[in-house]
Structure formats: C-alpha cells, structure tokens
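Indexing begins at 1, ligand by ligand and atom by atom, following the structure's order. Positions are given from 1, in the same order as the sequence printed here.
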Amino acid sequence: MKKAAGFVIFRKVCEKVEYLLLKASYGSFHWTPPKGHVDPGEDDFTTALRETREEAGYKEDDLRIYKDVKKSLYYQVKGKPKETIYWLAELKNPQQEVTLSDEHTELKWLEKDGAKELVGHDDFSKLLDEFHEKIL
Ligand SMILES: Nc1ncnc2c1ncn2[C@@H]1O[C@H](COP(=O)(O)OP(=O)(O)OP(=O)(O)OP(=O)(O)OC[C@H]2O[C@@H](n3cnc4c(N)ncnc43)[C@H](O)[C@@H]2O)[C@@H](O)[C@H]1O
C-alpha cells in the first residue's frame, strides 16, 4: 500500500488555535497538512519530519510534537489504497513563517472548522476533532 506521513501543525494566536494547510501545485490542487511519501527503508516519523522540513521549512526543534497523538487515514488514490499517517505538533514560535516548496502554491492558517471545510474529507474532519481535543 502507498504510504505517506506528516504533521497536523497548529499554532496559538491570541487564544485561537490555527491549523496549517498547504495547497498542492499539481493534480486536484488539494489542501493538506505537510506530508509526503514514505521512502523505501525510511520510518514513518522520519518521513514526517523530512517532508515538513521540505514543504514548510519547519525543523523538529521548531515543533512541540505530540508523539502519542497519531492517526492514520485510509483512502483510494487513482484506484489504489493509500495510508496517510499524521502526528499532532505545535509550532513553538507562532510568528515563524512557512517557507513553501515547488509542491505548493499557497498556505493558510485556519481555525478548526475552516480547516475541515477547506480539506473537504470526512475522515480528516474526524481526525481534526480528535486531535483538537488533545491540545493542551
Ligand atoms: N496528479 C498529479 N500530477 C502531477 N504530479 C503529481 C500528481 N500527484 C502527485 N504528483 C507528484 O507527487 C509528488 C507528491 O508526492 P509526495 O509529496 O511525496 O506525496 P503525497 O503528499 O502523499 O502526494 P499527494 O499530494 O499526491 O497525496 P494526497 O494523498 O494528499 O492526495 C492524493 C489525492 O487524494 C485526495 N485526498 C487527500 N486526502 C484525502 C482523504 N482524506 N480522503 C480521500 N481523498 C483524499 C487528494 O484530493 C488528491 O486528489 C509531487 O511532487 C508531484 O510531483
């Protein structure tokens, strides 16, 4: 099965919790958190860190990672099954800007309901509700 891994990254701004979404520069121009394909021999967590560095410019030290808040989504891409694994992470410095790669054209920081609407997949909405409950 095709596998991807990444982080649902949030920041706290004036008591509000905002989630980071990136818009793909290809295909259906879909919005997701930073994540990407797990390379052969790479463990899922290493992939999540690598893809987040490549796609958003954030390093492990920039994040407060909730290692025990983790969930997989299962869906079909072009008729083939795919698993995408997310961990929850807080951006330590909410002012730190995203550096986009060529894989994305836009970014948004949105509160939970706006993020759910923009992504537009029920399983992601459920994940976000579950993760949101875990935020300290
Ligand atoms: N169509 C295309 N044209 C040109 N280059 C392409 C391409 N697709 C991929 N690439 C290349 O692949 C690279 C990306 O690879 P990676 O960056 O390594 O891998 P990825 O994030 O897992 O890829 P992708 O964006 O396709 O996955 P997602 O599951 O979000 O999204 C895959 C699909 O699943 C849908 N989806 C996302 N979440 C879903 C969910 N929860 N439920 C149902 N469908 C969902 C999305 O809307 C989307 O349609 C890019 O550099 C690009 O070059």
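At a heavy-atom distance under 4.0 Å, only side-chain atoms of H30, from C-beta outward, approach ligand 1.
Residue-ligand proximity, T32 to ligand 1, at heavy-atom distances under 4.0 Å covers atoms 30 (O). Per-residue contacts place G27 under 4.0 angstrom from the following atoms of ligand 1 (heavy atoms of the residue considered): 1 (N), 2 (C), 3 (N). Set against the non-hydrogen atoms of S28, the atoms of ligand 1 under 4.0 Å away are 47 (O), 48 (C), 49 (O). Each of the atoms 22 (O) of ligand 1 lies under 4.0 Å from some heavy atom of A4.
In terms of protein heavy atoms, atom 45 (C) of ligand 1 is closest to H121 NE2, 3.2 Å. Among protein heavy atoms, atom 22 (O) of ligand 1 sits closest to K82 NZ, 2.6 Å. Nearest protein neighbour of atom 41 (N) of ligand 1, counting heavy atoms only, is D123 OD1, 2.9 Å.
Between Y75 and ligand 1, at least one N/O pair is under 3.5 Å apart. The shortest N or O to N or O distance between H37 and ligand 1 is under 3.5 Å. For ligand 1, the polar-atom distance check finds an N/O of K35 within less than 3.5 Å of one of the ligand's N/O atoms.
Of the listed options W31, Y26, Y74, Y26 places a heavy atom closest to atom 5 (N) of ligand 1. Distances from atom 51 (O) of ligand 1 to the heavy atoms of E103, E83, H104, R50 show the closest one on E103.
V119 and L100 fall into different hydrophobic clusters, defined by Ile, Leu, Val, Met, Phe, Trp and Tyr side-chain heavy atoms under 4.5 Å apart, directly or through other members. Clustering ILVMFWY residues whenever any of their side-chain heavy atoms sit less than 4.5 angstrom apart, transitively, puts F124 in the very cluster that holds F10. Cluster membership check: Y86 shares its hydrophobic cluster with W31, using side-chain heavy-atom separations under 4.5 Å among Ile, Leu, Val, Met, Phe, Trp and Tyr.
The shortest heavy-atom contact between A115 and L128 is CB-CD2, 3.7 Å. Minimum heavy-atom separation, D129 to K116: OD1-NZ, 2.9 Å. Of all the heavy atoms in S25 and T105, the pair that sits closest is CB-CG2, 3.7 Å.
With sequence neighbours left out, the ring pair (Phe, Tyr, Trp, His ring centres under 6.0 Å) criterion links H30 to Y26.
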**OP:** Check the pair E18 / K108 against salt bridge (charged side-chain N to carboxylate O under 4.0 Å, His left out), numbers first and verdict last.
**Re:** CA-CA 9 Å; E18 297 178 333; K108 285 188 184 190; over 6 Å; no
Subject >> Verdict with reasoning, E83 to K2, per salt bridge (charged side-chain N to carboxylate O under 4.0 Å, His left out) >> reply: CA-CA 6 Å; E83 176 184 12; K2 190 172 155 58; over 6 Å; no
Original post:
Passes ring-ring contact (aromatic ring centres under 6.0 Å, His included), W87 versus F45? Steps please.
Top reply: CA-CA 9 Å; W87 282 266; F45 192 72; 5.1 Å; yes
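For atom 53 (O) of ligand 1, no protein non-hydrogen atom is found at a distance below 4.0 Å.
E55 counts as a contact of ligand 1, since one of its heavy atoms falls under 4.0 Å from the ligand.
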